[in-house]
Amino acid sequence: NFSSQSHKIVKARKYVVVNHFVNEAKPTDLKLVEEELPLLQNGEYLTEAEYFSVDPYMKPYVKRYPLGITMIGTQIAKIVESKNPAFPVGKRIVGNMGWRTHTIVNPKFKDLVFQEHPYLLPDIGDLPSNTAYFGLLEICKPKSGETIVISGAAGAVGSHVGQIAKNLGLNVIGICGSDEKCKWLTEEMGFDSAINYKTMPVASSLSKAASNGVDCYFDNVGGDISSAVMYQMKPFGRVAVCGSISSYNADSSSLPKCTILQPILSKNQLRMEGFIVLHWMDRWHEGIMQNLQWLREGKLRYRETVTKGFENMFDAFIGMLRGENIGKAIVQV
Ligand code: NDP
């Protein structure tokens, strides 16, 4: 029932940040509120959220912004009313509109938090991430026959990295937090071996799985797991630092203590490089199309852990941070 002049939003809901997260996020750090949206102006369009991504980065990033902002995050939304011919009703977009069910987007104004506008979802079905693709190929520079270790291996990024590495002919070892995840990686995702860091000693398990040492390390977690891996790296090994989720729940006074890395970096002439995937914005399409091709050829598969209901956003978010997800954690409205 959307006309070009007015819309009937009975309930537009959003989560407002009322406390910055300290240690583990609490439900009371966010407040679910309702709002009435104004009429559309020329150039604007109205979206209705369908899927939300819940991601680890949200936890540390939100501290950069003042209290009172809408909780940050990306969503896939449908355009339900439009006064902008470039964004017609019925098309879907991907954007950083935060945790809100309905959004009026005005392409003339930059987004408060991410300073970028939503883009129309290409009509390609699956939409795989580029983090694994660029981080692995550009920083680890993997070669057939080498050994790679991936931490956070059963998550969205890690499970993707492992499959690309396997396709390239590497010996792939995953580190993750449950036996169910290990089984999934080795039996379904093609990993050569997997280590449950919660029940197995990482260093000795790794020296068995990678008896000749490690060439590449794709690091999603940091902390002690990463120190153990890095002390088993071969000369001229490459480390891609994608994230450090082991420290995301800690505040500055309780950061995890871990082994100093400089001796092994210098002795084995290792290269360790952090990255943010937006670095490859100019090659974005290349990554999407390559991943898509692998998906279509059956060389890349993915799994989603879907939580239903906007009112369950927080549970999905905290569940992902606690490791309850296998593959990509999303919320379906
Ligand atoms: P995941 O799907 O991997 O979900 C997070 C996982 O982290 C959990 O499932 C849990 O699995 C694991 N985890 C939680 N706490 C710890 C801990 N203390 N130690 C070890 N593992 C832990 O998330 P993503 O794939 O979306 O993200 C993975 C990493 O990639 C994150 O660090 C994220 O910040 C980073 N990232 C970086 C980008 C970049 O541009 N550099 C872009 C996107 C993501 P388990 O059961 O194994 O503990």
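In each ligand, atom 1 is the first atom listed, and ligand 1 is the first ligand listed. When reading the values below, keep in mind they use all heavy atoms of this one structure, side chains included, and skip hydrogens, waters and symmetry mates.
Per-residue contacts place G243 under 4.0 angstrom from the following atoms of ligand 1 (heavy atoms of the residue considered): 32 (O). Here is the list of ligand 1 atoms found below 4.0 Å of a heavy atom in G327: 2 (O). Close approach of ligand 1 to S244 (heavy-atom distance below 4.0 Å) involves ligand atoms 32 (O). In the vicinity of Y197, heavy-atom distances shorter than 4.0 Å reach the ligand 1 atoms 16 (C), 17 (C), 19 (N), 20 (C), 21 (N), 22 (C), 45 (P), 47 (O), 48 (O). Short contacts between ligand 1 and I276, defined as distances under 4.0 Å to a heavy atom of the residue, involve ligand atoms 40 (O), 41 (N).
Counting heavy atoms under 4.0 Å from ligand 1, residue V277 touches it through both backbone and side chain. The proximity of C176 to ligand 1, defined as any non-hydrogen pair under 4.0 Å, involves the side chain as well as the backbone.
Applying side-chain contact (heavy atoms from CB on, under 4.5 Å) to T47 and the options E81, M97, H102, K91 leaves one that passes, M97. When the options E138, H160, E286, R283 are evaluated for a side-chain hydrogen bond (donor to acceptor under 3.5 Å, both in side chains) with Y133, the one that passes is E286. E146 pairs in a salt bridge (charged side-chain N to carboxylate O under 4.0 Å, His left out) with only one of the listed residues (K234, K166, R238), which is R238.
M320 O, 3.2 Å is the protein heavy atom nearest to atom 8 (C) of ligand 1. In terms of protein heavy-atom proximity, atom 9 (O) of ligand 1 is nearest to N325 OD1, 2.6 Å. Looking from atom 10 (C) of ligand 1 to the surrounding protein, the closest heavy atom is G323 CA, 3.4 Å. What sits closest to atom 34 (O) of ligand 1 on the protein, heavy atoms only, is Y248 OH, 2.8 Å. Of the protein's non-hydrogen atoms, L321 O, 3.5 Å is the one closest to atom 15 (N) of ligand 1. Of the protein's heavy atoms, N220 O, 2.9 Å lies nearest to atom 32 (O) of ligand 1. Regarding atom 42 (C) of ligand 1, its nearest protein heavy-atom neighbour is T131 OG1, 3.4 Å. With respect to atom 36 (N) of ligand 1, the closest heavy atom belonging to the protein is C242 SG, 3.6 Å.
Remark: distances from the non-hydrogen atoms of S178 to ligand 1 are all 4.0 Å or more. Within the 4.0 Å heavy-atom shell around ligand 1 one does not find S247. G222 does not count as a contact of ligand 1, since none of its heavy atoms falls under 4.0 Å from the ligand.
Considering backbone and side-chain atoms alike, F275 places an N or O below 3.5 Å from some N or O of ligand 1. Polar contact check, V221 against ligand 1: no nitrogen or oxygen pair lies under 3.5 Å apart. Below 3.5 Å of separation, one finds no N or O of S246 facing any N or O of ligand 1. In terms of N/O distances under 3.5 Å, ligand 1 is not approached by G158. For ligand 1, the polar-atom distance check finds an N/O of G177 within less than 3.5 Å of one of the ligand's N/O atoms. By the 3.5 Å distance cut-off applied to N or O atoms, K181 is counted among the residues near ligand 1. Close N/O approach between E324 and ligand 1 is not found [any backbone or side-chain N/O within under 3.5 Å]. In terms of N/O distances under 3.5 Å, ligand 1 is not approached by K198.
Salt bridge absent: E48 and R92 never bring a charged side-chain N and a carboxylate O closer than 4.0 Å. Using a 4.0 Å cut-off between charged side-chain N and carboxylate O, K328 and D55 make a salt bridge. Under a 4.0 Å N-O distance rule, the pair E24/R322 qualifies as a salt bridge. Taking 4.0 Å as the cut-off between side-chain N and carboxylate O, R100 and E35 count as a salt-bridged pair.
Under 3.5 Å, the side chains of T147 and N171 contain a donor-acceptor pair of N or O atoms. A donor atom on one side chain and an acceptor atom on the other are found under 3.5 Å apart for N196 and T199. A donor-acceptor pair shorter than 3.5 Å cannot be found between the side chains of Q163 and Y302. Residues Y197 and S151 have side chains that never bring a donor and an acceptor to within less than 3.5 angstrom of each other.
The closest heavy-atom contact to atom 24 (P) of ligand 1, among the options P56, G174, G155, G223, comes from P56. For the residues A156, A240, G319, the heavy atom positioned nearest atom 2 (O) of ligand 1 is part of A156. Comparing I245, V54, N249 by heavy-atom distance to atom 22 (C) of ligand 1, the nearest is I245. Of all the listed residues (D224, V157, V241), V157 holds the heavy atom that lies closest to atom 25 (O) of ligand 1.
Closest heavy-atom contact between L270 and M230: CD1-O, 4.1 Å.
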L168 and L137: CA distance, side-chain angles, deciding distance, side chain to side chain contact (heavy atoms under 4.5 Å, CB included) verdict
CA-CA 10 Å; L168 295 173; L137 297 185; 3.7 Å; yes

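Annotation for K63: atom NZ counts as buried by contact number, over 12 foreign heavy atoms lying within 6.0 Å.
Panel note: side chain S246, backbone V221; a donor-acceptor pair is recorded below 3.5 Å.
No close placement of the W99 and F310 rings is indicated, their centers lying 6.0 Å or farther apart.
Note: F134 and W280 have parallel aromatic rings, judged against thresholds of 30 and 60 degrees for the angle between ring planes.
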